[in-house]
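Presented below is the structure to which this report refers.
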2 protein chains.
Amino acid sequence: MAREKGSEKRQRILEAALKVFAERGFYNAKVSEVARAAGVADGTIYLYFENKEDLLIQLFEDRMDFIITRLNEELAVCGPGADEQLRRMIAMHLNLAVQQPDLAEFITVELRQSARFVREYENPRFVEYLRILRDIVERGQKEGVVRAGLDSRLIVRAIFGALDEVLLTLTLASRSRSVDVQLAANQLADLFLEGVG
Amino acid sequence: MAREKGSEKRQRILEAALKVFAERGFYNAKVSEVARAAGVADGTIYLYFENKEDLLIQLFEDRMDFIITRLNEELAVCGPGADEQLRRMIAMHLNLAVQQPDLAEFITVELRQSARFVREYENPRFVEYLRILRDIVERGQKEGVVRAGLDSRLIVRAIFGALDEVLLTLTLASRSRSVDVQLAANQLADLFLEGVG
DNA sequence: ACAAAAACTGAATCGCGATTCATAAATCCG
DNA sequence: CGGATTTATGAATCGCGATTCAGTTTTTGT
């Protein structure tokens, strides 16, 4: 019987979990560490989440919700062209490296895990995120910015994979030196929009 | 006191580990399952590997060695142009989806883990793999096929990220239907060489 | 103020799996 | 062939951490 989604303590536990999971990874993280980071007793975690895996799933949904909401807000106010939207999406994704490094580390690793092992959990938020990207690509195909000969699903996976890897790289790099996220975002967008040549 | 690298039993254990880790992931896989799959006793694993994590590391090195060796052989006999070499590398990487799905699943997931959590282990084989890709990109910059304005390290990470994600997608898809790896490889190469337009 | 309900606590419990090691089996060599 | 050495076995051991739940504290309602 999990507690209400809106409660402050639940949110505090999620924040703590994000920090601990990002640092240690899900499997190496202990529930007791999350509890301590949240300032609650071990057993309290189970008042809000069914088990450790449920904590992972709820955290993932919570954070992806956050990312998707902000992305949609951003896309709603930027230019309507597919290339502009792609650039915004890339920029927002890579900005996580400096604005929310814990979140960046968490999603770059746990997303892969969830795709493979939490099989009953179909990860709707991730699917939604890819859906946004695919809409951009397909709009680009309609506008003629993206040629129709390329399989949009493949493009989406490729772009997402590149984003994910570059995000991880930037995040790890930002631990020891400052990184120019905007430059990286521009170059990555250029790479996809124009190719290497 | 690990046994010789060349021994048949050690190889059998590595093959078994690949299968079990690919199916279940490292953390969910049990040493006893690997032992059973290898047809040895649980304790025998420890005659050849120091512990479970050592098994992971040795498996990773073994398999990356295999991938790198084959890639180098392939690149040695294909055309010398950077674009041709990139196409070959992409094709070989994606071919793992159908030729060695266990290996594909293993590296797409465990590589991410090792970058983040086995921090003392610097993963030289992965660095070497990226080195090969970077050499291709930089040769491309010299030939004028790849423009000099793009940061080669970023390109390498982006290409690798895309490869990794598309490989995972193809591998999972190939479980239930046949996939056209060559088409995917061509389209991915086109995407990078020419961009989306 | 008080009783009941709700929320929280944290040590104990329990299950699990990595690893050990006494014993058995296999191999080697004179 | 038989003893010595090496290799393999697998149940027992041990450590660990997820989870429980009896007891305590806080909150709510009259």
Exercise for review: Sugar-phosphate means primed atoms, P, OP1 and OP2; the rest is base. With that split, encode nucleotides 9-19 of chain C 5' to 3' as B, S or - using protein heavy atoms under 4.0 Å.
Suggested key: BB------SSB
Review point. Which pairs pass ring-ring contact (aromatic ring centres under 6.0 Å, His included) with one or both residues in residues 156-186 of chain A, sequence neighbours excluded?
Key: His93(A)-Phe160(A), Phe126(A)-Phe160(A)
Check your understanding: What's the CD-P distance between Glu8(B) and dA26(C), to the nearest Å?
Key -> 16 Å
Review point. For Lys19(A), what residues pass the salt bridge (charged side-chain N to carboxylate O under 4.0 Å, His left out) criterion, not counting sequence neighbours?
Key: Glu23(A)
Exercise for review: With sequence neighbours excluded, tell me which residues meet side-chain hydrogen bond (donor to acceptor under 3.5 Å, both in side chains) with Asp135(B).
Suggested key: Arg131(B)
Revision key, fill the gap. Taken in chain and number order and not counting sequence neighbours, the residues that satisfy salt bridge (charged side-chain N to carboxylate O under 4.0 Å, His left out) with Asp42(A) are none
Study note, to complete from the structure: For residues 63-92 of chain A, the ring-ring contact (aromatic ring centres under 6.0 Å, His included) pairs (sequence neighbours left out) are none
Check your understanding: In whole Å, what is the span from the OH atom of Tyr48(A) to the C1' atom of dA6(C)?
Key -> 11 Å
